[in-house]
Amino acid sequence: MPDVSNSEIASLLERYGQLLEIGGESSFRTRAYTRAADAIRHYPGPVAALARQGTVQTIEGIGVGIAGVIEEFVRTGSVDDLKNLQKRVPISLLDLVEIPGLGAKSVIRLFAELGIVDLAGLESAANSGRIRELAGFSIKTEQKILVGIESVRRRSGRYRLGAVLPLGRRLIEELRAILPPITEMSLAGSVRRMDETVADLDIVIGTADRAVAINALSDLPTVSGMESDEGEHVRFRLHDGLGLDAIIVSPERFGVEMIRATGNAAHLALLGSLPDAPSEEAVYTSLGLPLIPPEIRLGRNEIELARSDRLGSLISASAMRGEFHCHTVWSDGALSVLETVQAAAERGFQFLGISDHTRSLGVANGLDAERLQAQRAEIIKTRTQCGIRVFASAEVEVARNGTLDFDDDVLAELDIVIASTHVGLRQPKEELTTRLFGVLENRHVDIIAHPSGRLIEQREPGDFDWERVFATAARTGTALEINADPARMDLSADHARQAIAAGCLLTINCDAHHPAGWDQLEYGLANARKAGATTDQVLNTWPVERIEAWLHERGRSVRS
DNA sequence: ATCCGCACGGATAAGTAGGACAGCCTACT
């Protein structure tokens with residue numbers, strides 16, 4: 001029996017912390033569990049091994065109490081205190097907290113006063129009008145709950161790409177270490193296509209020795225067991241609940257099965273019948289096509305692009321010269337301005353925009369005008385130190401009424417301005433859209449960050465009138481961001497495609513709070529490529545002089 | 001619950017606005 005994985009321990013602690021919160025524990029105590037979960041999820045080695053040695057407390061954020069929980073979990077597979085807690089606070093209540101507008105306090109009251117323990121119970125209580133009878137709840141709340149139940153149900157069973165892709169890559173690495181070097185293997189399916197959510201993990205293995213491959217898969221520490229074995233298609237389940245589909249084929253058919261397992265269905269339909277071949281290239285070649293990158297296998301115009309030799313015009317990582325949106329210790333980032341700029345220079349960035357949060361985003365220690373000015377002085381100083389162009393920027397809050405955190409004269413002092421909507425995303429369509437129009441028309445605003453405001457599998461996008469938003473952004477020349485944070489991937493691929501069609505300029509930014517955040521660029525790039533973006537349409541690929549000229553045209557007094 | 005400066009006790013995660021309701025809960029990175 002292999003040890004539990006770090007992500008299993010992390011999930012356990014996270015669940016524990018959430019249940020404590022619903023149970024009314026102090027926020028400091030519950031927070032400690034969440035922090036411990038984060039520390040373990042990011043810990044480079046196997047935490048279970050540390051637990052067995054009794055040295056798990058060496059990890060920052062884990063003390064006597066949580067170490068005890070982890071050790072018990074590793075040893076016995078469960079935790080007695082957590083079981084007892086679950087008698088008092090049913091674990092299915094965690095689903096209820098996911099509903100927008102319901103927090104721990106409301107959920108525990110629904111449980112205590114109406115005996116509601118899960119989504120089904122909540123739904124029937126709302127439908128029969130029992131919730132409105134509780135003090136502090138109303139018909140309106142009831143309706144909000146019913147809408148919320150739907151959105152929680154819609155996303156159940158799917159995982160964010162950002163949660164699954166790193167796991168999939170690690171599985172492949174682990175398999176490579178076990179299996180003979182001649183074995184071919186790769187991720188396939190929606191993970192390989194970089195779809196924003198995935199239902200399960202697909203792996204294709206090309207080997208003459210099926211039994212060895214199956215044994216290797218079964219022995220992986222994250223695999224809990226085999227679920228079905230149907231010839232070439234073997235299904236496993238991981239400890240954290242994710243399904244793993246392995247397609248095990250002879251090496252001569254590895255290429256064609258990769259294409260089939262990668263999909264998508266519409267792309268396969270466009271390709272028609274496929275010849276057996278050991279590599280994807282060979283299959284595409286026999287169809288008279290170059291290799292089509294997985295993320296654009298969408299059944300749209302990718303065949304056309306390939307036939308007319310235009311795949312190379314799609315934006316790629318190598319075309320990116322820098323980023324406009326990142327954070328430092330001045331708001332909620334991890335490093336100083338100088339450290340951040342140095343890290344950017346080391347990565348080969350030719351420019352970097354520093355854009356910390358502003359005043360009204362108190363939770364992120366947003367800058368007021370005075371601190372902004374002080375930061376600006378610090379930014380200017382770094383320009384001579386690191387050899388890259390540093391733009392003084394800010395991620396300026398858009399208030400519910402559409403006003404920005406700074407007056408025009410303060411905005412005018414910045415090299416480039418990003419506007420960002422974090423509050424009031426649930427406004428009705430007309431109100432929300434009109435508010436954004438005001439921001440787009442502001443000549444001091446150059447970029448709209450994560451325009452829809454969605455958090456994948458967690459928060460619905462704002463209900464904007466996108467067609468009019470894109471038309472307006474195209475006219476004002478305001479760039480729209482594809483935020484590469486895997487929780488956001490915002491604009492979505494479809495919205496980015498619409499924006500391009502409307503003539504909008506795009507920018508791809510990682511919204512990094514630490515240099516490691518720049519490793520997530522691929523999530524933003526995927527959406528840009530799915531949307532068919534070329535370098536000309538993405539601000540980050542322009543030479544610094546062209547960016548400065550663009551800013552100058554927009555009326556900025558750009559100083560180097 | 002954990003960490004840190006000090007050796008046990010305090011700090012840690014802000015603070016405002018909005019919605020629904022009459023004093024409270026939730027959302028925002």
Side-chain angles (χ1 to χ4, degrees), chain A residues 13-14 16-17 19-40 56-70 81-82 85 96-110 131-145 148 325-334 355-368 394-401 403 405 418 420-428 431 449-450 453-455 458-460 462 483 485 487-488 490 510-514 517:
Chain A
L13 293 175
E14 202 150 274
Y16 205 153
L19 284 177
L20 285 171
E21 190 184 352
I22 297 176
E25 274 295 339
S26 95
S27 62
F28 298 115
R29 186 162 175 225
T30 61
R31 171 74 178 170
Y33 280 82
T34 312
R35 263 208 310 258
D38 277 345
I40 286 173
V56 73
Q57 279 185 66
T58 54
I59 300 172
E60 173 86 19
I62 295 178
V64 190
I66 293 181
V69 169
I70 297 172
D81 284 348
L82 179 58
L85 176 62
L96 308 191
V97 191
E98 295 295 308
I99 294 169
L102 283 191
K105 295 272 165 50
S106 306
V107 166
I108 202 67
R109 280 195 57 208
L110 290 167
I131 291 176
R132 73 185 69 162
E133 286 167 10
L134 258 49
F137 292 81
S138 66
I139 297 183
K140 224 166 165 177
T141 313
E142 244 173 33
Q143 283 160 350
K144 210 162 92 179
I145 286 173
H325 184 174
C326 72
H327 298 272
T328 71
V329 287
W330 282 87
S331 66
D332 60 350
S355 58
D356 275 304
H357 293 288
T358 61
R359 182 176 50 81
S360 60
L361 204 65
V363 63
N365 191 24
L367 273 53
D368 57 20
E395 182 182 5
V396 185
E397 274 305 292
V398 180
R400 285 180 170 79
N401 65 7
T403 58
D405 258 356
I418 303 175
S420 190
T421 304
H422 293 108
V423 294
L425 282 164
R426 303 274 73 83
Q427 287 174 344
E431 197 178 333
H450 42 73
R454 73 165 175 178
L455 294 175
Q458 184 181 332
R459 184 173 70 205
E460 299 289 322
N483 191 289
D485 181 336
R488 293 188 180 274
D490 179 11
C510 292
D511 199 351
H513 289 69
H514 184 276

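Throughout, protein chains are lettered first and strands after them, A, B, ... in sequence-line order, and every chain is numbered starting at 1. Only this structure's heavy atoms are used, side chains among them; waters, hydrogens and symmetry mates stay out.
Regarding Tyr33(A), its OH atom lies at a distance of 7 Å from the P atom of dT2(B), rounded to whole Å. The interatomic distance linking Asp38(A) (CG) with dA13(B) (P) rounds to 14 Å, in whole Å. Rounded to whole angstrom, the span from the CD1 atom of Ile145(A) across to the P atom of dT26(B) amounts to 11 Å. Glu21(A) places its CD atom 12 Å from the C1' atom of dA13(B), with the value rounded to the nearest Å. At whole-Å resolution of the value, CG in Leu110(A) and C1' in dC24(B) are 15 Å apart. Counting to the nearest Å, the C1' atom of dT2(B) and the CD atom of Glu25(A) are 14 Å from each other. What separates OH of Tyr16(A) from P of dT2(B) is a distance of 11 Å, to the nearest Å.
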Quick one: which protein N/O atoms are closer than 3.5 Å to N/O atoms of nucleotides 19-22 of chain B? Pair and distance per line, please.
from    : atom 1 : to        : atom 2 : distance (Å)
dA20(B) : OP2    : Lys140(A) : NZ     : 3.0
dA20(B) : O3'    : Ser138(A) : OG     : 3.3
dC21(B) : OP1    : Phe137(A) : O      : 3.0
dC21(B) : OP1    : Ser138(A) : N      : 2.8
dC21(B) : OP1    : Ser138(A) : OG     : 2.9
dC21(B) : OP2    : Ser138(A) : OG     : 3.4
dA22(B) : OP1    : Gly136(A) : N      : 3.4

Between the protein and nucleotides 3-8 of chain B, list every N/O to N/O distance that falls short of 3.5 Å.
from   : atom 1 : to       : atom 2 : distance (Å)
dC3(B) : OP1    : Gly61(A) : N      : 2.6

Below 3.5 Å is the cut-off: list the nitrogen or oxygen pairs between protein and nucleotides 27-29 of chain B, distance only.
from    : atom 1 : to        : atom 2 : distance (Å)
dA27(B) : OP1    : Gly101(A) : N      : 2.5
dC28(B) : OP1    : Arg459(A) : NE     : 3.4
dC28(B) : OP1    : Arg459(A) : NH1    : 2.8
dC28(B) : O5'    : Arg459(A) : NH1    : 3.2
dT29(B) : OP1    : Arg459(A) : NH2    : 3.3
dT29(B) : OP1    : Arg488(A) : NH2    : 3.1
dT29(B) : OP2    : Arg459(A) : NH1    : 3.0
dT29(B) : O3'    : His357(A) : NE2    : 3.2

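For the P atom pair drawn from dA11(B) and dC6(B), the interatomic distance equals 13 Å after rounding to whole Å. Nucleotides dT26(B) and dC21(B) place their C1' atoms 14 Å apart, quoted to the nearest Å. Comparing the same atom, C1', in dA13(B) and in dA1(B) gives a spacing of 14 Å after rounding to whole Å. Spacing of C1' atoms, dT12(B) relative to dG5(B), comes out at 14 Å, to the nearest Å. With C1' as the reference atom, dC4(B) and dG19(B) are 41 Å apart, rounded to whole Å. Spacing between dT29(B) and dG23(B) at atom C1', rounded to whole Å, works out to 28 Å. Taking atom P in both dA20(B) and dA14(B), the straight-line distance is 27 Å, to the nearest Å.
In this model, a donor atom of one side chain and an acceptor atom of the other lie less than 3.5 Å apart for His422(A) and Glu397(A).
Residues Ile66(A) and Tyr16(A) have side chains not in contact (no heavy-atom distance under 4.5 Å, counting atoms from C-beta outward). Inter-residue side-chain proximity for Asp405(A) and Leu367(A) is flagged as unmet; no heavy-atom pair is nearer than 4.5 Å. A 4.5 Å side-chain heavy-atom check between Leu455(A) and Arg488(A) finds at least one atom pair inside the cut-off.
Salt bridge Asp490(A)/Arg454(A): absent, no basic N to carboxylate O contact under 4.0 Å.
A residue-by-residue look at Ala32(A) and Arg109(A) shows that Ala32(A) has its nearest nucleotide of DNA chain B further toward the 5' end.
Under a 3.5 Å cut-off, the side chain of Arg400(A) and the backbone N or O of Gln427(A) do not form any donor-acceptor pair.
Between Ile22(A) and Val107(A) the shortest heavy-atom distance is CG2-CG1, 4.4 Å. The shortest heavy-atom contact between Ile418(A) and Ala449(A) is CG2-CB, 3.6 Å.
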Go through Leu425(A) and Arg459(A) one step at a time and tell me if the side-chain contact (heavy atoms from CB on, under 4.5 Å) criterion holds.
CA-CA 10 Å; Leu425(A) 282 164; Arg459(A) 184 173 70 205; 4.0 Å; yes
Would you please test His327(A) and Asp511(A) for side-chain contact (heavy atoms from CB on, under 4.5 Å) and show each step?
CA-CA 7 Å; His327(A) 298 272; Asp511(A) 199 351; 2.9 Å; yes
Assess the residue pair Val69(A) and Asp81(A) against the criterion (side-chain contact (heavy atoms from CB on, under 4.5 Å)); give the C-alpha distance rounded to whole Å, side-chain angles, the decisive distance to 0.1 Å, and a yes or no.
CA-CA 8 Å; Val69(A) 169; Asp81(A) 284 348; 5.8 Å; no
Apply side-chain contact (heavy atoms from CB on, under 4.5 Å) to the pair His357(A) and Val363(A), showing each step before the final yes or no.
CA-CA 10 Å; His357(A) 293 288; Val363(A) 63; over 6 Å; no
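Taking syn as a glycosidic angle within 90° of 0, dA13(B) qualifies as syn.
Listed by first and then second residue, the side-chain hydrogen bond (donor to acceptor under 3.5 Å, both in side chains) pairs involving residues 26-40 of chain A are Glu25(A)-Arg29(A) (not counting sequence neighbours). Note on residues 131-140 of chain A: pairs passing side-chain hydrogen bond (donor to acceptor under 3.5 Å, both in side chains), not counting sequence neighbours, are Arg132(A)-Glu142(A), Ser138(A)-Thr141(A).
Ala104(A) comes within contact range of the sugar-phosphate backbone alone, with a heavy-atom separation under 4.0 Å but no base atom that close.
Ring stacking holds between Phe28(A) and dT12(B), with the centres under 5.5 Å apart and the planes within 30 degrees of each other.
Between Ser106(A) and dT26(B) there is a side-chain polar atom (N or O) within less than 4.0 angstrom of OP1 or OP2.
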Toss me the dot-bracket line for DNA chain B: Watson-Crick and G-U wobble, both under 3.5 Å, 5' to 3', using | for pairs to another strand and [ ] for crossers.
((((....))))..(((((....))))).
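A distance of 5.0 Å separates CD1 of Ile40(A) from CG of Leu13(A), quoted to the nearest 0.5 Å.
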